[in-house]
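In the text below, chain A, chain B and the rest are named by the order of the sequence lines, each starting its count at 1.
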There are 2 protein chains.
Amino acid sequence: MSFSSDAPRPGDAPRPGRESYHHGNLPEALVAAALRLIAASGPAGFTFAEVARAAGVSPAAPYRHFRDRNALVAEVARRGFEAFAAELEVAWNGGRPDPIAAIESCGKAYLAFARREPASYAAMFEAGFPFDEHAGLLVASERAFAVLRRAAEAACDGLAGGGVRPPALMVALHLWAVAHGIASLFVGHGGNPARRKLPMSAEALLEAGWLVYLRGLGSPT
Amino acid sequence: MSFSSDAPRPGDAPRPGRESYHHGNLPEALVAAALRLIAASGPAGFTFAEVARAAGVSPAAPYRHFRDRNALVAEVARRGFEAFAAELEVAWNGGRPDPIAAIESCGKAYLAFARREPASYAAMFEAGFPFDEHAGLLVASERAFAVLRRAAEAACDGLAGGGVRPPALMVALHLWAVAHGIASLFVGHGGNPARRKLPMSAEALLEAGWLVYLRGLGSPT
DNA sequence: AAGGACATGTGAAAGACGCTTACATCAAAA
DNA sequence: TTTTGATGTAAGCGTCTTTCACATGTCCTT
């Protein structure tokens, strides 16, 4: 609620207020504008020209940096996955103090990200176009999933030796499905229609869900 | 792949092929066209005019039946929730032969619907606008959730008497989150970016996930 | 420091498309 | 038959997309 358009900050060469011919840092400004617009109307709720206008440049300018609208959304999603992976990594913290506690920490981090960056999360999971054509995006999403995968491995390692060892990949997919289901259904952007009032916070819901699931695997909690 | 546009069938008054001035059954034709377009490009991937074209009428015609694009998508979603609720109800089958088996049956029905009607499912859960303004939609979604809710109650009733009885609402939300997470991440429309290859079918993944969760609750399976 | 290559943004224009207003058509009731 | 309300059309207006030639600024070379 302060700036009508993004201040150009390359280092600090062109002054703010758009007094120079060149913007100075248009790619960043476009990504930032896209995030605002996605937050307001979803990943499909804005046009390329609108992003240009929000960044204070002509409709043709974005084409110098992104082939089309999808490429811009893909960049938003890629950055989202990078940040997401980094935050999950921090939450996982090498599995300390113990795998279960670290997994719960990941759950908090998962929902915290979905809550704090709903626009990024929407771009990441509701982009509306396949990732194949955008290099780096699949890689980034893989990095995020890898944290859950590692957490699942650790959880499986820590099980009481009695039963059959469950496949870690399956466990990771289950953990992810619960987290994404809760984030998608109960957190964030007004876009989600079936949202309903919860008897508890989404965080508590996820923590309880993961704990029950892990106990079902044979975890000694 | 047979009809280029929907045949007008009010009862059978105007002939097919669009020889009369009036369409005859435009609302139905619009809903059908919207389903096709949603299946192709997602709930936000088409315009009102496009629906009109697909139904073989002028761009202004749909306004006679739906206030705007959202109202059309809302009607698609409402019908989707009605059908969804009905199919879950059949799968639940009063909890027979036993609650666990009936719940697994619901899981199959859940994913079967998401697989068979990806357009409906997308309209139901990725509409991109709040449900509040569309009467009947919230009611229909409530009917669908009520089945899961009842299943959760039965599951809680069937637990070995040892531990604390978990809140049925929480259990229902967990079951729903897993199912939606799997459907959203691994089933259906190319729109979902982060889709990845699974080591097993989505159905098997959901069945395993629910069973592990129920065992975590104390279910004697 | 001068000159030139490259990157970046502008302005305009063509084409397509979507949305809306005034009008046309039809069915059923009076 | 006439009237009335419901339903669909045609055409105009505005916006978006995309591409051109051109303007501006930066940086590298000499």
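Of the charged side-chain nitrogens involved, at least one lies within less than 4.0 Å of a carboxylate oxygen, so that A:Glu28 and A:Arg79 count as a salt-bridged pair. The existence of a salt bridge linking B:Arg78 and B:Glu75 is confirmed by a sub-4.0 Å separation between a basic side-chain nitrogen and an acidic carboxylate oxygen.
Taking the six-membered ring for Trp and the full ring otherwise, the centers of A:Tyr213 and B:Tyr213 sit at least 6.0 Å from each other.
Remark: B:Phe48 engages B:Tyr63 in a ring pair (Phe, Tyr, Trp, His ring centres under 6.0 Å) (not counting sequence neighbours).
As rounded to whole Å, 19 Å separates atom P of D:dT24 from atom NE2 of A:His23. One atom, CZ of B:Arg53, and another, C1' of C:dC19, lie 13 Å apart when rounded to the nearest Å. Taking atom CG of residue A:Asn25 and atom C1' of nucleotide D:dG25, one finds them 15 Å apart after rounding to whole Å. Remark: P of D:dT7 and CG of B:Leu30 are 12 Å apart, rounded to the nearest angstrom. As rounded to whole Å, 13 Å separates atom C1' of C:dA16 from atom CD of B:Glu50.
Only A:Tyr63, A:Arg64, listed by number, bring a heavy atom of residues 62-71 of chain A to less than 4.0 angstrom from any atom of DNA chain D.
For residues 106-122 of chain B, the side chain to side chain donor-acceptor pair (under 3.5 Å) pairs, not counting sequence neighbours, are B:Glu87-B:Arg116, B:Lys108-B:Glu207, B:Tyr110-B:Tyr121, B:Tyr110-B:Trp176, B:Arg115-B:Glu203, B:Tyr121-B:His180.
Distances shown here put a side-chain N or O of A:Thr47 below 4.0 Å from the OP1 or OP2 atom of D:dT17.
The backbone N or O of B:Leu138 sits less than 3.5 Å from a side-chain atom of B:Ser141, completing a donor-acceptor pair.
Checking C:dT10, D:dT9, D:dC16 against the side-chain heavy atoms of B:Ser58 singles out D:dT9 as nearest.
Along DNA chain D, the nucleotide nearest to B:Leu26 and the one nearest to A:Ala60 differ in position, and the one closer to the 5' end is contacted by B:Leu26.
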